[in-house]
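Reviewing the structure listed below.
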Amino acid sequence: MYAQMVETGTKRLKTLEEMSPEERDFQEKVDAETKIEAKNWMPDGYRKTLIRQISQHAHSEIVGMLPEGNWVTRAPTLKRKLQLMAKIQDEAGHGLYLYSAMETLGADRDEEIQKLHDGKAKYSSIFNYPTLNWADMGAVGWLVDGAAIVNQVVLQRTSYGPYSRAMVRICKEESFHQRQGYQILLDMMREGTQEQKDMVQDAINRLWWPALMMFGPHDDESPNSQQSMVWKIKRKSNDELRQMFIDQTIPQLEFLGCTVPDPDLKWNEERGHYDFGDINWKEFYDVLKGNGPCNRERIATRKKAIDDGAWVREAAVAYAAKQKQRADKAA
Amino acid sequence: MTQQEVLQEYLLRLADSDMILGQRLSELTGKAPAVEEELAVMNVALDLVGQARNWYEYAAELINDGRDADKLVFLRDAHEYRNLLMVEQPNDDYAVTMARQFFFDVWHYFTLKSLVNASDERVATIAAKAVKEATYHLRRSSEWVKRMGDGTEESHRRIQDAFNLLWRFTGELITPDEVDHAMFKAGIGPDPEQIKQDWFGMVREVAAQATLTVGEEDAWMYMGGKRGEHTEHLGHILAVMQFLPRAYPDATTW
Amino acid sequence: MSEWRLYEVFVRSKHGLNHKHVGSVHAADNEMAMENARELYTRRNEGVSIWVVPSETITASASDEKEILFDPSEDKVYRHASFYKLPDEVGHM
């Protein structure tokens with residue numbers, strides 16, 4: 001969901017009979033839940049799709065630091081500041097775990113990051129929305145990380161070994177992020193002033209729909225979704241995951257004493273799920289295309305950091321080369 | 001000043017310097033020169049704010065006027081802050097960020113190393129944990145100073161400029177005032193003369209390895225942070241940092 | 001091309017255990033690789049010892065060769081602890 005729309009390059013699914021022997025062997029391993037490892041044979045499409053999916057996921061972690069960076073300098077207590085700093089640090093770490101998994105597929109991290117800066121790579125649309133008040137730090141942790149966790153828990157069983165292991169690590173470390181976010185909101189709702197309560201409701205109003213969009217468009221019968229499911233790099237459909245998220249979130253919302261801006265939201269006894277209103281897909285595609293409120297600023301900030309930092313990274317390389325030369329001479 | 005007032009003052013200096021440098025570093029979120037550096041910078045910032053909290057808590061207990069650590073951080077104005085001028089200087093170029101860190105880390109490391117043996121048990125305990133972190137901070141910043149100094153022509157120029165730019169704030173690190181002297185006499189603070197020697201020793205050693213020149217010992221120095229006279233930067237740092245508690249004075253919980 | 005080299009990271013999480021592969025880092029030299037590995041993989045005190053190895057120096061078997069490389073020992077069951085049936089009274093070993 002940090003990877004919302006991943007192109008697989010598939011026009012039509014092959015049957016086992018149509019596959020080459022390697023391909024069939026590969027698909028049988030996937031079907032048997034045997035993890036695929038870096039050195040295993042894999043279809044080119046599988047490799048490319050995974051690189052796209054994992055890099056989108058990694059970029060999202062890195063870009064996702066920016067909306068929080070907007071408030072870390074203004075965190076209202078020492079405790080909240082420390083928590084937020086730890087969370088941001090984890091996000092940088094998770095980005096690195098994911099880039100590391102991606103590199104086992106033969107992709108180059110710096111090249112993939114360059115694609116992000118050139119506007120050729122995607123990241124989660126949620127981070128293109130601004131964080132306008134302190135309660136956004138709570139809502140981001142609760143809703144955004146909450147939505148991410150729903151997806152990541154499932155991805156722990158993804159077919160590619162390094163990706164799956166990165167997910168296990170990330171899920172383990174991320175468990176505190178969502179609680180941290182919820183607690184920010186809960187404390188303000190329980191003991192806060194009216195102004196603070198208004199902040200909470202305002203944050204939820206602005207972030208609710210964008211959070212639901214994180215799961216991506218409706219699953220159609222497109223070969224892309226089907227192919228990803230068959231390869232087990234996606235394990236549940238976007239709509240299934242979105243429903244899971246809504247079902248688990250609404251009771252928490254009610255406990256807060258807040259509402260979501262969806263008049264159609266109501267419990268459906270028959271389905272055993274919440275019904276909810278239509279997502280504004282035009283907005284979703286616009287934001288994805290780069291027209292969200294903060295797309296330009298987010299990319300510009302990341303690009304500036306890496307471009308301005310070039311001399312620092314080069315200095316380290318030059319120094320390492322000199323040190324090596326000296327060591328070789330001494331030997 | 002009574003002995004306890006001197007200690008309060010001294011604790012606030014330690015706390016405020018940690019806090020303001022941690023705040024400066026957290027401004028770099030998403031803006032570090034490599035993703036690996038994001039992690040490292042935030043790690044140092046986390047350590048510093050964590051240490052600040054320990055010092056503030058002890059200070060608050062001694063001051064005992066109803067203010068807790070948070071109130072000390074978020075409701076004191078610039079003239080009440082006691083941090084070193086060095087740590088409030090802007091991030092600017094990454095060479096400036098790193099030079100600032102290095103000058104501070106050398107002072108911080110030797111100070112904490114001495115505080116581990118303080119006659120005040122609470123101080124010694126806090127310092128014992130902090131010195132481990134500071135040791136790592138110093139190793140990291142010295143490595144980067146060497147990489148920049150002995151790296152490319154450009155990096156050498158940038159870090160040398162940063163050394164020149166910040167040199168005027170180094171004097172405050174190693175020039176003792178009556179509080180420093182009193183703390184030393186009380187068996188708590190470090191020997192000011194020793195700190196000065198150690199600081200110059202290490203700064204010169206690393207600078208030499210980094211092929212950098214350092215300023216004169218008797219150069220004109222900009223001081224005043226320890227008694228609440230700051231550069232123009234601190235007011236802006238506090239305006240950001242203290243925004244929420246100041247804007248919502250009725251809020252008792254966040 | 002990557003500006004910094006890729007290193008594989010191995011962490012010994014507890015005394016008495018083997019180093020285990022945990023992932024990779026980028027770094028300009030060995031020392032930085034060690035620092036970066038420490039920051040990334042032991043943020044929650046997971047490790048007591050770290051190895052960093054330039055990725056290009058690692059020779060790996062293709063996992064598809066598994067049968068050739070690993071099958072021959074499969075019949076030497078005495079290499080596996082579960083081969084030795086102990087009476088229940090002995091307890092866990």
Side-chain angles (χ1 to χ4, degrees), chain A residues 58 62-82 84-86 88-93 95-96 99 109 113 133-134 184 187-188 190-196 199 298 301-302 304-306 308-320 322-323, chain B residues 19 22-43 45-46 49-50 52-53 56-57 68-70 73-74 93-95 98 143-144 146-156 158-159 210 237 240-245 247-248 250-254:
Chain A
I62 300 302
V63 176
M65 294 162 62
L66 296 174
E68 290 177 326
N70 184 40
W71 280 96
V72 70
T73 52
R74 289 178 289 172
T77 66
L78 284 163
K79 183 175 85 176
R80 294 292 180 220
K81 193 183 279 288
L82 287 164
L84 192 55
M85 288 164 95
I88 293 170
Q89 196 196 26
D90 275 348
E91 272 144 20
L96 287 175
Y99 284 129
R109 187 179 94 186
I113 290 177
N133 76 47
W134 167 250
I184 288 176
D187 284 356
M188 286 204 273
R190 279 185 167 167
E191 297 165 56
T193 61
Q194 190 57 45
E195 283 168 314
Q196 287 175 296
M199 275 183 208
R298 300 287 189 244
T301 304
R302 286 308 304 148
K304 185 169 170 8
I306 296 302
D308 288 359
W311 71 267
V312 180
R313 300 190 303 276
E314 282 158 17
V317 173
Y319 177 76
K322 283 186 199 173
Q323 289 292 93
Chain B
M19 188 68 210
Q23 175 74 5
R24 273 291 187 223
L25 292 175
S26 73
E27 292 172 6
L28 287 169
T29 301
K31 295 170 185 159
V35 188
E36 281 79 5
E37 278 297 292
E38 295 284 348
L39 220 67
V41 167
M42 198 51 98
N43 206 17
L46 262 169
V49 177
R53 180 165 68 171
Y56 281 127
E57 279 170 357
D68 59 7
D70 279 326
V73 175
F74 294 99
D93 187 297
Y94 206 62
M98 207 45 87
E143 279 302 311
W144 269 114
K146 285 188 250 173
R147 285 184 194 120
M148 289 178 183
D150 196 18
T152 64
E153 241 174 79
E154 183 186 3
S155 67
H156 179 85
R158 283 176 186 265
I159 188 75
I237 294 176
V240 170
M241 188 170 87
Q242 300 180 334
F243 160 66
L244 283 169
Y248 299 94
D250 298 335
T252 52
T253 185
W254 287 97

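Any value given below was found using the heavy atoms of this structure, including those in side chains, with hydrogens, waters and symmetry copies removed.
Residues that satisfy the ring pair (Phe, Tyr, Trp, His ring centres under 6.0 Å) test with A:Tyr99, not counting sequence neighbours, are A:His59.
Among the candidates A:Val317, A:Leu82, A:Val63, A:Val72, the residue making the largest number of heavy-atom pairs closer than 4.5 Å to chain B is A:Leu82. Comparing B:Glu143, B:Lys146, B:Glu27 by how many heavy-atom pairs each has under 4.5 Å with chain A, the most go to B:Lys146. Among B:Asn43, B:Thr152, B:Thr253, B:Asp150, the residue making the largest number of heavy-atom pairs under 4.5 Å with chain A is B:Asp150. Looking only at heavy-atom pairs under 4.5 Å with chain B, the residue among A:Met188, A:Lys304, A:Glu195 that has the most is A:Glu195. Note on A:Asn70, A:Asp90, A:Leu96, A:Asp187: by heavy-atom pairs under 4.5 Å with chain B, the leading option is A:Leu96. For the set A:Ala316, A:Gly64, A:Ala310, A:Gly95, the entry with the most heavy-atom pairs within less than 4.5 Å of chain B is A:Ala316.
A:Met85 CE to B:Ser26 OG: the interatomic distance, rounded to the nearest 0.5 Å, is 5.0 Å. Atoms NZ and CG, from A:Lys81 and B:Asp70 in turn, are 10.5 Å apart once rounded to the nearest 0.5 Å. Distance CD/B:Glu153 to CD/A:Glu314: 12.5 Å, rounded to 0.5 Å. The CD1 atom of A:Ile306 sits 13.5 Å away from atom NZ of B:Lys31, with the distance rounded to the nearest 0.5 Å. For the atom pair A:Ile88 CD1 and B:Thr29 OG1, the distance stands at 4.5 Å (nearest 0.5 Å).
Using a 4.5 Å cut-off between heavy atoms, B:Arg158 contacts chain A through its side chain alone, with no backbone atom that close. Looking at B:Ala95, both its backbone and its side chain come within 4.5 Å of chain A, counting heavy atoms on both sides. Proximity to chain B is limited to the backbone of A:Ala75, based on heavy atoms less than 4.5 angstrom apart. Contacts between B:Val49 and chain A at a heavy-atom distance below 4.5 Å involve backbone atoms as well as side-chain atoms. Within the 4.5 angstrom heavy-atom criterion, only side-chain atoms of B:Asp93, from C-beta onward, approach chain A. With a 4.5 angstrom heavy-atom cutoff, A:Ile62 touches chain B only via side-chain atoms. B:Ala251 touches chain A through backbone and side chain together, each having a heavy atom under 4.5 Å away.
By the 4.0 Å N-to-carboxylate-O rule, B:Glu38 lies close enough to A:Arg302 to be salt-bridged with it. Ion pairing of A:Arg109 with B:Glu36 is present here, as a side-chain N (NZ or NE/NH1/NH2) and a carboxylate O approach within less than 4.0 Å.
For A:Arg80 (side chain) and B:Trp254 (main-chain N/O), a donor-acceptor pair under 3.5 Å exists by modelled atom type. With hydrogens and angles ignored, the 3.5 Å screen pairs no side-chain donor or acceptor of A:Arg313 with any backbone N or O of B:Ala34. At distances below 3.5 Å, not a single donor-acceptor pair connects side-chain atoms of A:Glu191 with backbone N or O atoms of B:Thr252.
For A:Lys322, the NZ atom counts as densely surrounded, since its 6.0 Å shell holds more than 12 non-hydrogen atoms of other residues, nucleotides or ligands.
The two residues A:Pro76 and B:Pro245 have their closest heavy-atom pair at O-CG, 3.5 Å. The heavy-atom pair separating A:Gly309 from B:Pro33 by the smallest distance is CA-CB, 3.4 Å.
At a threshold of 4.5 Å between non-hydrogen side-chain atoms, the residues B:Met19 and A:Leu78 count as touching. Inter-residue side-chain proximity for A:Trp71 and B:Leu244 is flagged as met; some heavy-atom pair is nearer than 4.5 Å. With a 4.5 Å cut-off on side-chain heavy atoms, B:Met148 and A:Tyr319 do not count as touching. Side chains of A:Asp308 and B:Tyr94 form no contact here, defined as non-hydrogen atoms less than 4.5 Å apart. No side-chain heavy atom of A:Arg74 sits less than 4.5 Å from a side-chain heavy atom of B:Gln242. Contact annotation: the side chain of B:Tyr248 never approaches that of A:Gln196 to less than 4.5 Å [non-hydrogen atoms, C-beta and beyond]. Side-chain contact check for A:Gln89 versus B:Leu46: some heavy-atom pair is nearer than 4.5 Å. Annotation: side chain of A:Thr73 is not in contact with side chain of B:Met241 (no heavy-atom distance under 4.5 Å).
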